Each structure stands twice: as C-alpha cells, then as structure tokens.
2 protein chains.
Amino acid sequence: MTLTDTNSWTGIREVLLRRIHNRIWQPGELIPHEADLAEEFGCARTTVNRALRDLAESGLVIRKRRAGTRVAINPPQRATLTIPIIREEVESLGRSYRHSVLERNLRALPPMLHGAFQVSLSEDVLFLKTLHFSDERPYAFEERHINLDAAPDARDLAFNEISANEWLVHNAPYTHGDLSFFAVNADETLCRKLDATTGMALFAMERITWAGEMPITHVRLIFAPGYRMRTEI
Amino acid sequence: MTLTDTNSWTGIREVLLRRIHNRIWQPGELIPHEADLAEEFGCARTTVNRALRDLAESGLVIRKRRAGTRVAINPPQRATLTIPIIREEVESLGRSYRHSVLERNLRALPPMLHGAFQVSLSEDVLFLKTLHFSDERPYAFEERHINLDAAPDARDLAFNEISANEWLVHNAPYTHGDLSFFAVNADETLCRKLDATTGMALFAMERITWAGEMPITHVRLIFAPGYRMRTEI
DNA sequence: TAGTGGTCTAGACCACCTT
DNA sequence: AGGTGGTCTAGACCACTAA
C-alpha cells in the first residue's frame with residue numbers, strides 16, 4: 001500500500017488514476033463532481049480541478065460542462081514528439097555535428113507547394129539542399145524552400161555557418177505548421193549522399209510552417225538508414 | 001490592432017506570445033516576475049502563472065525557481081501525435097473497417113524482446129499476426145506479443161470480433177510505454193499482404209506498453225504503401 | 001539565504017450545455 | 001433552467017536553487 005498525499009494535485013491525480021486503472025470507475029462511467037471529490041479529499045475544488053484537468057489533457061477522462069466528467073472509452077494514445085534542431089539532436093548523442101550546403105538558388109515555387117504557399121506565387125523562393133553529418137557520417141538530407149517575403153534577410157545568407165533551420169527558428173518564428181512522417185525508397189542520389197543502397201527504406205519527415213497567414217518554409221528531411229524516431233507514452 | 005482580454009489567462013498568454021514573437025523579449029532573456037506581470041495586467045498572480053505555465057509546457061519559455069523565466073533559445077518543436085485505434089482511424093475517414101487474424105499461437109518470447117519483457121521469461125507469450133483492412137483494401141499489418149501474465153483472459157480469445165489492440169485498451173490498461181517510428185522495406189510476405197511491390201518503403205511503428213513493472217504487449221505495425229502520419233504543430 | 005516559481009485555499013461568478 | 005466545469009481573486013505558505 002503506497003501512501004499518497006491527497007492534498008497535492010499530483011497525489012489526487014494518482015488516486016484518480018488508480019481508480020480508473022482498477023476499474024472502480026468503468027470506461028464511459030460518470031465520476032463524481034469536483035465538489036464531491038474535493039470534499040472527499042478534504043481539499044479545495046481548485047486542486048481537484050487541476051488533477052482532473054491533467055487527466056483530461058492526457059485523454060483519460062472527458063469533461064463537459066453540465067454533463068460532468070466521464071472515463072474515456074477509448075483513451076487515445078497521445079505521444080508528444082520532440083523534434084529538435086538536428087545539431088542539438090546529434091550533439092546530445094555526444095557526436096560532433098557539421099552540415100554542408102550542397103545547393104542554393106532561387107527558383108519558382110514547385111507546383112507541389114502551391115496549395116500550401118498560397119501567398120506570393122509570383123515570387124521566387126529560396127531553395128536549399130543540405131546534408132547533415134554526425135561524426136562525419138551522413139545523418140540526414142534536407143531539401144528546403146524558404147519564402148523570402150517571410151524572411152527577406154535569408155536572401156543574403158549562405159547558411160554555411162548556421163543551418164537554415166536554426167536561423168529560421170531565431171529569425172522567423174512560426175505560429176503553426178503541418179508535420180508528417182512517411183517512408184521513402186532511396187534513389188541513386190540519396191544513396192550517394194546518405195550511404196544507403198538503392199531502394200533502401202528511409203524515414204522521412206516533411207514540415208510546413210506559417211507565421212499567421214504567411215508561409216515561412218517547407219522542409220523535407222530524409223534520414224540515413226536505421227533512423228528511428230522514439231518517444232515515451 | 002487586436003484587442004485582447006488581459007484578464008483571462010489565454011488573453012495574457014497571447015500578449016506574452018506576441019512579445020516573444022516580436023522580440024520585445026529576446027531569446028534567452030529573462031522576463032519579468034509573475035508578480036510584476038500580474039500588476040501590469042491588473043490581475044491575480046495565479047492568472048499570470050497559468051499563462052506562463054502554458055507557455056512553458058509548449059517549450060517557449062523555461063521556468064526555474066529562484067532563477068526566473070527565460071525565453072527559450074531554441075524552442076523545441078513539440079508535436080502531439082494522436083495514435084488512434086486502427087478501427088477508429090479507418091472509420092473516421094469514412095471507410096469500412098475489418099480485420100483478419102492470420103496467425104495465433106503460443107510461443108517463447110523472442111530474444112529481441114528479452115530486454116523489454118524482463119518478467120516471466122519462462123512463460124510463453126501469445127503471438128498474433130493480424131491484417132487490418134480499410135474498405136477491403138489492406139491498411140496495416142500487425143505482429144503482436146501479449147504477456148499472458150498481464151492479460152490472462154487473452155489466452156481464450158480468438159480476437160476475431162474485437163481486435164487485440166482494442167481489447168487490450170479496455171482490459172489491460174497500460175501506465176506507460178515506448179513508441180518508435182521507422183521505415184522498412186517490404187519483403188515478399190509483406191508484399192502479398194499489403195499490396196506492395198518487393199522492396200517498397202513502408203512506414204512502421206513499434207510500441208511496447210507496461211502496467212507498472214509488468215509488460216503487457218509488444219506490437220509492430222507496418223502500414224500499406226503511401227501511409228503518412230500527420231499532425232499539426 | 002533570499003528570491004522565484006509552485007501550489008493550495010475559500011470563495012465567487014460565469015459560460016456552457018444537457019435535460 | 002439548472003447543474004457542471006472553467007476561471008479568477010487575494011492571500012498564504014512552501015520548495016527549490018542560484019548567487
């Protein structure tokens with residue numbers, strides 16, 4: 001029997017969690033009101049509220065005004081992925097980081113992105129191909145489009161010192177974005193760059209970010225063979 | 001100029017966000033104490049605390065007792081992935097769902113999982129191969145190991161009606177787990193099952209869950225060609 | 001050791017929604 | 001229409017930690 005501090009919101013959360021896990025409160029079932037729980041635990045309603053709010057954020061209970069709080073029927077698995085700047089990811093593994101800009105030019109927006117980049121279609125965008133290294137071994141291959149309306153200063157930068165990713169984070173913060181993950185087969189170009197063999201399955205990520213209505217950048221990252229994205233749930 | 005209600009914690013959050021985006025507070029810079037901000041906004045410190053706590057959760061500021069609150073230098077991209085039960089994912093796309101159990105037997109725990117499943121090494125585990133369909137087209141191929149110590153009732157279930165995933169969510173809730181994503185090449189078996197061509201890159205997910213110390217299940221899902229996992233940030 | 005964020009309280013009002 | 005969660009207040013004490 002573990003003692004739990006039922007005056008702290010985390011303690012109360014543990015107790016509630018246990019009741020859900022032990023099926024004292026069945027999936028779909030209505031649980032007592034905040035006021036009742038507060039009385040039971042001898043604490044303020046605010047404290048119970050904090051605990052329940054936390055459970056609701058993780059998807060374990062569903063709260064509705066007037067309808068009360070129910071144990072979720074199919075608690076969705078929510079996983080929080082932290083997508084670091086590649087330099088930090090590499091360095092946090094104790095490896096040395098380096099990147100190399102393979103290509104840099106202005107070009108028309110590729111048709112693929114017309115939907116996302118609805119602004120400034122007539123304007124050229126800055127296109128970059130970059131290879132990221134971990135301990136001098138290829139780590140990821142990056143293709144990026146930068147909207148120069150959103151980041152005019154980028155026009156004069158080579159991105160040899162600081163990576164475009166890092167520069168943009170500091171100089172053109174985004175408000176929201178789309179992110180997707182998928183698998184691609186290595187073509188011959190990728191093979192040479194990433195030390196892969198032709199056709200090998202590679203993990204890829206694509207991201208588009210905006211600042212309000214203004215598109216900032218599109219980036220497609222393809223990781224070297226063996227890459228796994230991990231998280232805890 | 002947008003008016004913002006600075007008496008609500010969300011309103012205050014917006015104002016603080018704007019100051020960070022507009023670099024009124026530079027990355028790495030210390031921002032005013034909760035008490036000062038509360039005075040500025042004419043609200044209780046609790047309300048400012050709520051706003052700052054939210055910004056800290058999303059990684060935009062870093063809070064430390066005694067040291068104060070700083071704007072994050074490299075705000076990590078945090079993305080919350082919602083990994084639904086496959087049936088719900090398929091049905092939410094307006095497609096019909098069906099699954100088929102291809103194989104079901106007891107076997108010794110594969111060596112690959114010895115590290116994760118430290119309990120009951122002598123015990124056999126239930127092994128399942130399942131194919132999930134969306135509108136009668138293959139959607140994902142699943143290989144699963146179930147620890148019968150954690151879910152004894154699974155021994156007598158065929159999982160033809162309810163999928164193992166769904167059954168486990170209801171009957172053996174987990175407390176935590178590991179999740180990873182990667183890419184695999186389709187081998188000949190996978191090709192036949194998933195309508196892929198040999199060697200095609202497929203998106204894969206692996207998950208191990210525990211209830212406290214007790215491992216519950218290991219599952220490896222390989223999705224049909226073209227699958228993308230998406231989220232917003 | 002002093003200053004900062006973290007938390008708790010008791011009370012209040014309100015928005016929302018199910019019945 | 002009434003009950004529930006959402007939020008705000010003013011004040012207090014505490015835990016942590018940087019200096």
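A, B, ... follow the sequence lines: proteins, then strands. Residue 1 opens every chain. None of the values given here were measured: they were computed from a predicted structure.
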Checklist entry - Within this structure, what is the CD-to-P distance between E39(A) and dA10(C), rounded to whole angstrom? => result 12 Å

Checklist entry - Where the side chain of A44(A) is defined as all heavy atoms beyond and including C-beta, which of dT7(D), dT9(D), dA10(C) is the nearest nucleotide? => result dA10(C)

Next on the checklist: Is it true that R45(B) and N49(B) share a donor-acceptor pair across their side chains at a distance under 3.5 Å?
Outcome noted: no

Next on the checklist: Over 60° means perpendicular and under 30° means parallel, so tell me whether F181(B) and F203(B) are parallel, tilted or perpendicular.
Outcome noted: parallel

Checklist entry - Within a reach of under 6.0 Å around CD of E232(B), are more than 12 heavy atoms found that belong to other residues, nucleotides or ligands? => result no

Checklist outcome for this item: In whole angstroms, the gap separating C1' of dT7(D) from CZ of R50(B) amounts to 8 Å

Checklist entry - dA10(D) C1' sits how many Å from N7(B) CG, rounded? => result 14 Å

Next on the checklist: Is the phosphate of dT7(D) approached by S8(B) (side-chain N or O, under 4.0 Å from OP1 or OP2)?
Outcome noted: no

Checklist entry - Thinking salt bridges, do R19(B) and E29(B) make one under a 4.0 Å N-O criterion? => result no

Item to check | N/O (side chain, N49(B)) to phosphate O (OP1/OP2, dT7(C)) under 4.0 Å | outcome: no

Next on the checklist: Testing the basics here: between S8(A) and T47(A), what is the closest heavy-atom pair and its distance to 0.1 Å?
Outcome noted: C-CG2, 4.2 Å

Next on the checklist: For T46(A) and L52(A), find the nucleotide of DNA chain D closest to each by heavy atoms; which residue's nucleotide sits nearer the 5' end?
Outcome noted: L52(A)

Next on the checklist: What is the separation between atom CD on E57(B) and atom C1' on dG6(C), rounded to the nearest whole Å?
Outcome noted: 13 Å

Item to check | Atom CD of E39(B): over 12 foreign heavy atoms under 6.0 Å | outcome: no

Next on the checklist: A quick test of your reading: do over 12 heavy atoms of other residues, nucleotides or ligands sit less than 6.0 Å from CD of Q26(B)?
Outcome noted: yes

Item to check | Interatomic distance, R53(A) CZ vs dG5(D) P [rounded to whole Å] | outcome: 13 Å

Could you list, one pair per line, each protein nitrogen or oxygen that sits under 3.5 Å from a nitrogen or oxygen of nucleotides 13-19 of chain D, together with the distance?
unit_1	atom_1	unit_2	atom_2	d
dA15(D)	N3	R65(B)	NE	3.3

Checklist entry - Near DNA chain D, under 4.0 Å by heavy atom, which residues of residues 24-32 of chain A? => result none

Checklist entry - Is there side-chain contact between H132(A) and Y97(A), with heavy atoms separated by less than 4.5 Å? => result yes

Checklist entry - Would T130(B) and R144(B) count as having a side-chain donor-acceptor pair, cut-off 3.5 Å? => result no

Item to check | Residue-phosphate contact under 4.0 Å: T47(A) side-chain N/O, dT9(C) OP1/OP2 | outcome: yes

Checklist outcome for this item: The salt bridge (Lys or Arg N to Asp or Glu O under 4.0 Å) partner of E34(B) among R50(B), R63(B), R53(B) is R63(B)

Checklist entry - In whole Å, what is the span from the CD atom of E34(A) to the P atom of dC8(C)? => result 14 Å

Checklist entry - L37(B) has an atom CG; how far is it from atom C1' of dC8(D), in whole Å? => result 17 Å

Checklist entry - Side-chain N or O of T69(A) less than 4.0 angstrom from OP1 or OP2 on dG5(D)? => result yes

Checklist entry - Within this structure, what is the NE2-to-P distance between H33(A) and dG6(D), rounded to whole angstrom? => result 14 Å

Checklist outcome for this item: Against the side chain of W9(A), the closest entry in dT7(C), dA10(C), dT7(D) is dT7(C)

